[in-house]
Amino acid sequence: MSYNFKKVEEKWQKKWYEEGTFNASQDFKNKKKWFGLIEFPYPSGQGLHVGHPRSYTALDIIARKKRMEGYNVLYPIGFDAFGLPAENYAMKNHVHPKITTEKNINHFREQLKSLGFSFDWSREINTTDPSYYKWTQWIFIQLYKKGLAYKATMPINFCTGCKVGLANEEVVNGVCERCGSPVVQKEKSQWMLKITEYAQRLIDDLDDVDFLEKIKIQQKNWIGRSEGAEVNFKISGTDDSLLVYTTRPDTIFGATYMVVAPEHEFIKKYEDKITNLEEVKEYKEKAALKSDFERSELNKEKTGVEIKGIKAINPLTNEEIPIWISDYVLITYGTGAIMAVPAHDTRDFEFAKKFNLPIKPVIIPKDSDLLKEVEAEFDYNFANDFSKISKEDEHFKDYGLTEAFTDIENGIAINSDFLNGLPSSEAIVKATEYIEKNGLGKKTVNYKLRDWVFSRQRYWGEPIPMVYCEDCGWNPISEEELPLKLPDIEDYEPGENGESPLSKQTEWIKTKCPVCGKDARRETDTMPQWAGSSWYFLRYMDPHNDKALASKEALEYWSPVDWYNGGMEHTTLHLLYSRFWHKFLYDIGVVPTKEPYKKRTSHGMILGTNGEKMSKSKGNVINPDDIVQEFGADTFRVYEMFMGPFDQTAPWSMESIRGCGKFLDRVWNMQEFVEEGDTFTKEHEIMMNKAIKKVSSDIEEMKFNTSVAVFMTMVNEFYKDKKINKAEYKVFLQLLNPFAPHMTEEIFSKLGSDKTINETPWPTFDPAKVIDDEVVIPIQVNGRLKSKVMAPKDAEEDVVKELVHNDETIINYLEGKTVVKEIYVKGKIFNIVVK
RNA sequence: GCAGAUGUGGCGGAACUGGUAGACGCACAGGACUUAAAAUCCUGCGGACGAAUAAUCCGUGCCGGUUCGAUUCCGGCCAUCUGCACCA
């Protein structure tokens, strides 16, 4: 009786998808809800990747279990369909992206259905559908109205060969991914979203959600909060000053020069005073020509030019110090200018070495001999005479000044007047107080996070619903006009100088100003791919609503997403962007929760059989269709869950998947010897209870691989004496159902049941029956296993002790030795310490 | 450089809050069935020394520590992977 997976899988899929078995009920009042979410795919021409089902199967298992536990489950699916590949394909083959997208979606849908996922297909969404992106545009307008969307001139990646703006992922090692020409930065006026306004809340609210710790850490690192101070350095001979940001105000006494970024306005301001203006301007221009890649290239020599003719004054030492221009200072961070403390900053140290600038130590390691000497003499200013410190000087070694000393944990201030003798952490506080008290500057917080560049010079994206009028400036179109539909075009080539293809659609661009009614023009840039995915989970709650992005009632009931699984590669962009949008929607009263996702987990990547990342060029791509064809969906699902820990990478193995197929065949063939019986047999009772306990908790902890191992062990047990009864078989099938839904439903119905497994409650276990009455107690001597005895599970020490001392191996072993100590851990172990 | 993760048989991997290391699967070997092969079923399978399923020793990246007992805890290294990266 061999198993025909093709027939069985088709039968059940037809039943599920035609009858809408998994459509989430609209019962908003009487049932607990559970909303499970996976990252909706981009429908690429290559079809589904074997990596997609890993995540989808995992949450499908959880969703199926939750249904059996009585939850009203929402497990939806959709397509994130705007994006580059469709547009590039259109350029090459002159096929409208709409057509390729539709074709690809149809293919994906078939593939997903062939795997038996319990998605609610009645709620399928598509980000390129105008009824969907109407609300993406609506959210943008709300952001604009609250001042969170603004225009700014920002550099774009521009390919000198294709004359087109490129996305970051299209720039590989500084050249264009397609033609290999160098990529330069080109200034362009673009829409920006003020995500920085939410930086602090995006950090703080991580405390309230259940995300994997590594996800929280990555998000925090990305946001990059740092505390420090802004300090003014006077420009010598003027009332003006240069503002810097520092996280180490305790090192100001060691600031021996300053540096401004090439783009800093300072240069323009002092043009007439700078005596080497030509040289400075030349440096500035050279820096502008460098790409981001070149500028941040590793191990590169520092470059810079001194700005001659003006000096700054260190506010604490009152010494005149030089000002330099260098591209190691970034205009985008802090104030675009720094005070350089070469003794205690690695980059400043390198720069000072190269240009022979003074290096003045103001911190000393707390365990150095020199510190003891200094303390004994009560003279923290001993080194003010720098001529004494040279490479030959013994003291120099103690300073560790062959490199910058940056350790904040282990530093003591010296050469720093009122800070002398303080550990760095205290010195920071005291220095900051001093700065504020004396009007030199103030305490500040900085973030690495930049505002979100929201414009793309592309066709296949949501049009930005903004209009420019000569008199009124930028204004959003009226909300009644939404959606602003993407016009159908035939020429997908970019416009002049990397403009969007829409810039050539003269008729579409022409419009009236929404404020004054005069002739005006539309924005031709479109939104980035991240836009549609920043709120899609909300649309699932009420996907067909044309009055709002979702009804209040639906949002109240389904929010937040209970469990969101996705890849680590989306931790810093998609996950952060969607949290930002959600917080904004919360602020304007659209959504009821501060955070969109209660819980976030991640899956590991599936590698090729050679242990490398799957890629066409390496020829190690596994096509899911071939796998389903050869082994069936159930085997595919079981294998992907069995292959290793869910959150870690795992290589594909054709041999191992065969093993999973064999296991399912054995499950099927148990029908040949199943006996009548409506309770567990005595011999299987403990095993069944243990299995229910283990599988139930494994699923919640995503330890699917060990659940599959439990199933295999059980089957081996049933085969030992070819003994299983109907009650045992049924519970076994219920537990296995989330993993292998088709086969288990089929056997279940053949065993004679008026319900499908999907309609039965999840099995429960009896806590009293998960421990054997008799347990094996290992006996160790000096921590090494020597023998074992059987004992009742709650046996007291004296009982076990007697058993142990009657054990022949142990008697032999203890001969001629002295027992020092005996340790018994109830039901676990007996250890004898001997001499 | 910073942050995070990982390191256990030939391979993928188990091991609860410190308590029998190697569950389960793959590969491999032997056997049963078969004219034969495939499939299936049964058995073995970390290493050393053994005829041995007798005893002993070694063994969870390396070195050391705590403990009756360490894959697990602590300190110090090494290697690999993934993010980020001149963030002052």
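Nucleic acid contact class of A/R225 (heavy atoms, under 4.0 Å, all strands): none. In this structure, A/G659 reaches the sugar-phosphate backbone alone: every heavy-atom distance under 4.0 Å involves primed, P, OP1 or OP2 atoms, never a base. Note on A/T713: only backbone sugar-phosphate atoms sit closer than 4.0 angstrom, heavy atoms only; bases stay farther off.
Contact check, A/R784 against B/rU20: no side-chain N or O comes under 4.0 Å of OP1 or OP2. Within the structure, every side-chain polar atom (N or O) of A/K214 is placed at least 4.0 Å from both OP1 and OP2 of B/rA5. Between A/T572 and B/rC84 there is no side-chain N or O to OP1 or OP2 distance below 4.0 Å. Applying the 4.0 Å criterion to OP1 and OP2 of B/rA14, one finds that A/N705 has a side-chain N or O inside that range.
The environment of A/E612 atom CD is dense: over 12 non-hydrogen atoms of other residues, nucleotides or ligands sit within 6.0 angstrom.
Side chain to side chain, A/E640 and A/H603 fail the donor-acceptor criterion of an N or O pair below 3.5 Å. Side-chain atoms of A/D348 and A/Y328 include a donor-acceptor pair closer than 3.5 Å. Residues A/Y447 and A/Q200 have side chains that bring a donor and an acceptor to within less than 3.5 angstrom of each other. For the 3.5 Å distance criterion, the side chains of A/N446 and A/S226 fail to qualify, holding no donor opposite an acceptor.
Taking the C1' atoms as reference points, B/rA70 lies 30 Å from B/rC26, given to the whole Å. Here the separation of B/rA51 from B/rU34, taken at their C1' atoms, is 34 Å to the nearest Å. Using C1' as the reference atom, B/rC86 and B/rU72 are 40 Å apart when rounded to the nearest Å. Distance check on atom P: B/rA23 versus B/rC77 gives 35 Å, rounded to whole Å. The C1' atoms of B/rA79 and B/rU43 are separated by 39 Å, rounded to the nearest whole Å. B/rA54 and B/rC45: their P atoms are spaced 11 Å apart (whole Å). Look at the C1' atom in both B/rC73 and B/rU60: the space between them is 16 Å, to the nearest Å. With C1' as the reference atom, B/rA55 and B/rG22 are 22 Å apart, rounded to whole Å.
Between the CD atom of A/Q219 and the P atom of B/rC2 there is a distance of 23 Å, given to the nearest Å. In this structure, CG of A/N782 is placed 16 Å from C1' of B/rU20, rounded to the nearest angstrom. Distance, A/R658 CZ to B/rU40 P: 11 Å, rounded to whole Å. The separation between A/I829 atom CD1 and B/rA70 atom C1' is 12 Å, rounded to whole Å. The OH atom of A/Y639 sits 12 Å away from the P atom of B/rC26 (whole-angstrom rounding). When the P atom of B/rG83 is taken as reference, atom CD of A/E569 falls 9 Å away, rounded to whole Å. Going from atom CG of A/D327 over to atom P of B/rA88 covers 18 Å, rounded to whole Å. Atom CZ of A/F704 and atom P of B/rG25 are 20 Å apart (whole Å).
With a cut-off of 3.5 Å on both pairing distances, the Watson-Crick or G-U wobble partner of B/rU56 is B/rA48. Across all strands shown, B/rA70 has no partner, as no Watson-Crick or G-U wobble contact with both distances under 3.5 Å is found. In this structure, B/rG75 and B/rC63 make a Watson-Crick or G-U wobble pair, each of the two defining distances being under 3.5 angstrom.
Between A/M568 and A/Q780, the residue anchored closer to the 5' end of RNA chain B is A/Q780, taking for each the nucleotide with the nearest heavy atom. Between A/L785 and A/Q648, the one whose closest nucleotide on RNA chain B sits nearer the 5' end is A/Q648.
Side chain of A/K828, nearest nucleotide from B/rC41, B/rC16, B/rG4: B/rC16. Taking the side chain of A/E655 as heavy atoms from C-beta on, and the options B/rA88, B/rG4, B/rA27, the nearest nucleotide is B/rA27. Comparing B/rU20, B/rA88, B/rA3 against the side chain of A/N221 picks out B/rA3 as the nearest. Side-chain proximity of A/I823 to B/rG25, B/rG19, B/rA23: nearest is B/rG19. With B/rU56, B/rC26, B/rA88 as the candidates, the nucleotide lying closest to the side chain of A/K786 is B/rU56. Among B/rA15, B/rU40, B/rA88, the nucleotide with an atom closest to any side-chain atom of A/T706 is B/rA15. Checking B/rA88, B/rC24, B/rG19 against every side-chain atom of A/V329, the shortest atom distance belongs to B/rA88. Candidate nucleotides B/rU20, B/rG13, B/rA88 were compared by shortest atom distance to the side chain of A/T246, and B/rA88 ranks first. You'll find that the side chain of A/K662 is closest to B/rU40, out of B/rU40, B/rC42, B/rG25. Closest to the side chain of A/P778, out of B/rU20, B/rG69, B/rA88, is B/rU20.
Of the charged side-chain nitrogens involved, at least one lies within less than 4.0 Å of a carboxylate oxygen, so that A/K826 and A/E796 count as a salt-bridged pair. For the pair A/R600 and A/E39, the salt-bridge criterion is met [side-chain N within less than 4.0 Å of a carboxylate O].
Annotated as syn: B/rG9, whose glycosidic dihedral is within 90° of 0. A glycosidic torsion no more than 90° from 0 defines the syn conformation; B/rG69 lies beyond that range and is anti.
Residue A/K302 places a side-chain atom within donor-acceptor reach of the base of B/rC86, judged by atom type and a 3.5 Å distance cut-off alone.
The six-membered or imidazole ring of A/F351 lies near that of A/Y257, with a centre-to-centre distance under 6.0 Å.
Between atom NZ of residue A/K769 and atom CD1 of residue A/I692 there is a gap of 11.0 Å, rounded to the nearest 0.5 Å.
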